[in-house]
Every structure is written in C-alpha cells, then in structure tokens.
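Shown next, in structure tokens, is the structure this report addresses.
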There are 2 protein chains.
Amino acid sequence: MDKHVSIKDIALKLGVAPSTVSRALNGNSGVGKALREKIKAMALKLNYKPNPFAVGLVKQTPHIIGIIIPDIVTHFYSSIISGIGDTARANGYSVVITTSYEQYELEKHCIDDLNNIRVEGIIACLSQETSDYKHFENVVNQGVPLVFFDRVCLTDRCSSVVADNERSAYQAVQHLIANGYKRIAYIGGNEHLNIVDQRRRGYVRALADNCLPVYSDLMVDNLPMTYKSGRKAVRQLLALRRRPDAILAINDILAFGAMSEIKSRNLQIPTDIGLVGYSDELHATFVEPALTTVTHHTYEIGSVACDLLLRRINDATVKPKSVVIPTFLKIRASTAKRR
Amino acid sequence: MDKHVSIKDIALKLGVAPSTVSRALNGNSGVGKALREKIKAMALKLNYKPNPFAVGLVKQTPHIIGIIIPDIVTHFYSSIISGIGDTARANGYSVVITTSYEQYELEKHCIDDLNNIRVEGIIACLSQETSDYKHFENVVNQGVPLVFFDRVCLTDRCSSVVADNERSAYQAVQHLIANGYKRIAYIGGNEHLNIVDQRRRGYVRALADNCLPVYSDLMVDNLPMTYKSGRKAVRQLLALRRRPDAILAINDILAFGAMSEIKSRNLQIPTDIGLVGYSDELHATFVEPALTTVTHHTYEIGSVACDLLLRRINDATVKPKSVVIPTFLKIRASTAKRR
DNA sequence: TATTTTTACGCAAACGTTTGCGTAAAAATA
DNA sequence: TATTTTTACGCAAACGTTTGCGTAAAAATA
C-alpha cells in the first residue's frame, strides 16, 4: 500500500519549497522556466495527483455539483445524468448524485447531504410528492446556484430546462384527431407538478381548437405516476357508458400500464383504442404495438441544465432563464389511422 | 450567502477550545456531561455540519467508495447502483459513480479518477472491451479493496458477486427442450467475459445432457452485445438451410434485437421460434409476446457487493470470496409450449 | 488529611494544499 | 557603473478538522 505522493515529496526531492511546486504545477507565475519543467517532469514521474481534500479545504470552491433526481433506474433520468456528467467533467467539475425516490422527505435529505459536501451548485428535478418548495428556497437564499429541469419550481429565481409540455400534448391530441379519433381521454398525474398542469392544458386546448367537447369524465387526474395507476385509470375509463377511442397518457410508465390493461381486456390497439405516451426513445419501440410517444432529448436536457448552472456559478448576476427543449412526436403503430 | 459554521465558531461562542467541541460532537471521552450537552445544543442551533474536506484531509479514510459500471442508462446497472448506494449510506459511506461506457480506455480513466479522490474501495463491472486486467491489478497491488460484480476477473485476489450463469443457461435450454423445441440456437457476446463463457457452457451442457447435437452454426459467438448485433445474429441464423426453432440470447439487449428481427420476418413467437433472454424484471414484460427471461436480483447484487467491499475495507485479511446470487427463469409467453 | 488516580479540559501539531508577503539575485534602465 | 525594476524563489499562515500530550482540578483512596 504505497502512500500518495504529495507536493512536499516533490519539493523534498528537488530541494525546493512546496509553494514553488504548487505554483509550477498550477501554471502560476513566479517560477523559472527550467525549474518549472523539472518540477512537472518529477510530478509526472512520481505520478503526483493533488489531494482533493486539501484543495477543497483551502479553496472555497471544490468544483463539485450536486444532482437531485426522483429515481435513478429509469432511462429518462439516467440519460439526463449522462448529459450533466459529461458537461460537468468537460468543465473540470465532478458530480454527486442523490435520489429522492419521489419522496418529499428524502428530497430534503438530499439537499442537506449536498449542502454538507459544499457543492457549488445543484441541479434538481422535483419529486412527485413535492408541492412545498421551502427547502429549495432556503438553498437559493443561501446563494447556492440552483437549476431545475423537467419538473420545476421557483422559476422566477432559478433557471430551468423544460420540455414544451403544453405544445407536445397539443400536438399529440392533434395527431389523434387527424387520425380519426374522437373521444380522446387523458391520464394525468400529480397536479402540483408543472409538467402535469401544462400537458393537461395542451390536451384541453387541442380539443377546444378542434371543436371537440371536453368531458371531465374522460380526464383521470391527480394520480401517482405509476404502472398501477395507468392500469387503474384505464379500468375507470373503460367502465364509462361511452368509452374513449383514444388515450393520451402524460408519462411513459402510465402509458405502459394503460397498454397492458387495454390488452388484457382484449381490445385492440390502435383499432379499438389509440394510445399516445410520453417517453424517451428506448422503451417505446419494444412494446407491441410500438407506442407513439412524445420523445425527449434527454441527454441535451442534462447538458443544457449543467451549462446553465455553470454559467450561474461563474457569474452570480446572470438572470434566471427558462430553456425549452423541444420534444417531437414519434409516430408509431399505436395510433395508426383508423379506416 | 452565509458561511458554514465551523467548530471554531461554536468554540468561540461557548468559550471553550475547538478540540473540546470536536470531542464532544464525536462522542469521544474527555469532556464533561454538562458541557457536552451544551456543545451539542449549540451545534444543533447553529446547524453545524462538519466540513468533509477537513475531515477527509485529517483522516486517512474519507469514507467514500467508488463504482465503475459499463453504463448508467440500463436498468440492470442503475438498479445495482441503488443496492450499493443504500448499503453504503447505511454504513456511513458515500458513493462516487464512474462510467466506462463499455470502453477499455475509459475504464482506465475511471480508475485514475477514483484513485485521485482517494476512495477507500472500488466496486467494478468490466466493460465489454476489457480483456486485459493490468489496470485492476495495479489497484489491488496498491492495497485498495476491489470487488467485482457480474463481469469479473482476478477472482483469486478480489471478491466478486456473480449470477449462476452456467446453471441459468442450462435451465433456460432445459425449459425450451421440455416445451418441445429441438433446434436451439445461441446468441453470445464478447468471449473474454466470464458471463459469456459460462452461459455458453450451460447451453452446451444442456444440449448434451438431452442427447441433442451441438451445431456450431447455431451458435453466434463473440459479438458486441447490442441491439444491432441481436438483429444481425438472427438474420444469420434464419439464413441457415435448417433454421433454429428457438433462440437463447445471453443478454437482454441482444434478445430485444432478436425479437424485433424475428417479427420483421413475419415469424411468430413462440410458435415458429421460441425466445429466451436475460434481463432484469422491467423491460421484458412490456414486449409482446412477453419475454421469457433469466431474471437477476439486481438490487441484491449491489447490496451484497457493497457488503463484501465494506468487510474487506474493515479487515484487510478477509479472504476473497465469490458470492453467487441465484437467478430465476421467469417463464412468459415467448416460450409457450408447442402443440 | 495527604497522596494517588481520574476527569476535564486546552495547547499545539498535523493532514496537503494555496497564496500573500518578503527578499536576494538578476535584468533593465539611467 | 549605479540605481531601479523585475524575476524567482522561500517563509509562514491559512483552510477546518482530529488527536497526542500536558496539566490543573476534582474525585478516590490511603
């Protein structure tokens, strides 16, 4: 078990002061060219790597950013993490990931943890449960840069990266109508989330713009966004006297639940019921029929969020900004034209 | 932007020495009961949180473990990360995740990065490309505890957590035979990986035990484990004069590729071709027909790997140990009995 | 009560960096 | 060549903890 070599080791070997070694290695002025080269060569030879704890202690900025995500096991979030991570690394930052498991209480713990590590900034996506934002306000009040993505809040004080939720839902419904569907149902999620509210509005507006009535019993609202909920919502919708001929589910996992329940009733997709979900690229092609989905550029969401955060870190005066990453409707078999 | 309060702040406020505060807060002896309580109360009131950089600097063990995984966007790995993370947290450790993106060169960088952070130990899964283990040997030689999972190496020097690969493949083939399939093909992966080699052996042994011939043209070997490869392998298999009536794909993403290609040829699963894949729970239920798969207890793999690592960290004399986490064959529609 | 032991604290050094300041030596200028 | 400026280094303090050691005061023992 060989100890890590320190600046002192190099200094001792070369008969110079540690401060000189530090300056040479960090490219600061005040050290002669020849000596600088000698120091660098020795550092390389001894495989010197700065001790991040010492650096973190002496500098007020240890170049770490924190992430708070609802869960890590869905492709949507892990792909966003990839985007954040790559951008962070490219700018000399490392990343610490915490998970709220969609729970408000755990989300608060995440903030504490990140705070303890002294992260320079935080990128967060709200948990499903979260409808009170005080814990995030505290972060902002402490001057810690904070950027939200997808499920956002405090947009007047924090930058955010969001999908064009209203438009995407509008477009999905428009597509269903164009393909001959007339009684289009909606399966929503926790209403306090911006994404839910916005997608709902897009759904309603699309119906209205096409002179279709908005039936409240075709809208299943304010449920947890789980596979189970998706199935339950469909049971509820199919129990109606006049059942829907298409469904917009505002979340991928809801859509998969819905699809499964529809199939178990021996109804055909897309002939009996058309189905549109939200998803990133991966899952939706595996199901049958392949699912028409609103698709996110997840990697880009991550990298843009990280960009915004780094900009804010480097300049506290930048104004909060909301970046919209356009989604696109990926049309597949589950909404094939009727007749 | 209020500064973090330090031990010194507390000491100053209470008129005691910083060392006393430290001892009181860490539960060490040598501080009176009354004073200890006063210090604790003040720490709570001022919301004192120890500076991890200072602690990391002064202690040789900053209680961080590192993870190296091939990618973060598949459920298999992110679920394992959950298992590791929860176990680590429960033991007062935090976790840093690095990604090799299935590339040997990047895997080496991961090790460097983790080394720089001075992690106390590393949990790793080999990248597809990796067939040379020197970089890991160096880690071991430096005395850094190292545990592998799933795709492993250096098992004589490092503990590992693996699936029962040989048995699982055997069982899958056995199941196919029992259901009337006779010409069973095999789609493998990069041969230097232990999981590939072992699953291949299980496949061969099951055929032999059932007195079925082992045809080498029914075995597609040594390909990258990607969706594309899955499709390509099936194209190759279906081009044979006598095509297979069942396929064992040794990886989930290969299986999905295979399924997609089979369907595009208008062949029926399971009637024309039976299909078994490897997967964790999530994806396989979404496809149609639902895929019979060898299923892993991913969360458990993670938590056991973390346990092994922590045990090794706390006692350098523990012997390397290989823990096998049993898989189970989840039988679904894709291998329904013929006739 | 006199001595020994224990308790309860503080002092100071250490972990590995960075950085402000000081100062010989070298270079530039007069 | 004499003076001023610049260069090239070293010293020492600092970041926020922990911990070995020392020592008064208190408690226990003789």
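We name chains A, B, ... by the order of the sequence lines, and we start the count at 1 in each one. Keep in mind that what you see is a predicted model, and the values were worked out from it rather than measured. Computation of the quantities below employed the complete heavy-atom set of this structure, encompassing side-chain atoms and omitting hydrogens, waters and symmetry-equivalent molecules.
With sequence neighbours left out, the ring pair (Phe, Tyr, Trp, His ring centres under 6.0 Å) criterion links A/Phe53 to no other residue. Scanning for salt bridge (Lys or Arg N to Asp or Glu O under 4.0 Å) contacts around B/Arg89 gives B/Asp86, with sequence neighbours left out. Not counting sequence neighbours, A/Glu37 has no partner by the salt bridge (Lys or Arg N to Asp or Glu O under 4.0 Å) test. A search for side chain to side chain donor-acceptor pair (under 3.5 Å) contacts involving B/Ser29 returns nothing, not counting sequence neighbours. Under the rule for a side chain to side chain donor-acceptor pair (under 3.5 Å), B/Asn138 has no partner lying at least two apart in sequence or in another chain. B/Glu102 is linked by a salt bridge (Lys or Arg N to Asp or Glu O under 4.0 Å) to B/Arg151, counting only residues two or more places apart in sequence or in another chain. Remark: B/His135 pairs with B/Tyr104 by the ring pair (Phe, Tyr, Trp, His ring centres under 6.0 Å) rule, at least two apart or across chains.
Counting only Watson-Crick and G-U wobble pairs whose two key distances fall under 3.5 Å, DNA chain C forms stems of three or more stacked pairs at C:1-30 with D:1-30.
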What does the B/S/- profile of nucleotides 12-19 of chain C look like, 5' to 3', with a 4.0 Å heavy-atom cutoff to protein?
B--BBBBB

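Going from atom CD of A/Glu37 over to atom P of D/dC9 covers 12 Å, rounded to whole Å. If you measure from atom CG of B/Leu14 to atom P of C/dA8, you get 17 Å, rounded to the nearest angstrom.
With hydrogens and angles disregarded, a donor-acceptor distance shorter than 3.5 Å links the side chain of B/Thr87 to the backbone of B/Gly83.
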Under 3.5 Å, sequence neighbours excluded: what are the donor-acceptor pairs made by side chains of residues 9-27 of chain B?
from, atom 1, to, atom 2, distance (Å)
B/Asp9, OD2, B/Ser6, N, 2.7
B/Asp9, OD2, B/Ser6, OG, 3.4
B/Ser22, OG, B/Asn26, ND2, 3.4
B/Asn26, ND2, B/Ser22, O, 3.0

Nucleotide N/O to protein N/O under 3.5 Å, stretch nucleotides 22-26 of chain D:
none

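Evaluation of the ring-ring contact (aromatic ring centres under 6.0 Å, His included) test over residues 5-33 of chain A, restricted to residues two or more places apart or in two chains, returns none.
Here B/Gly30 lies in heavy-atom contact (under 4.0 Å) with a base.
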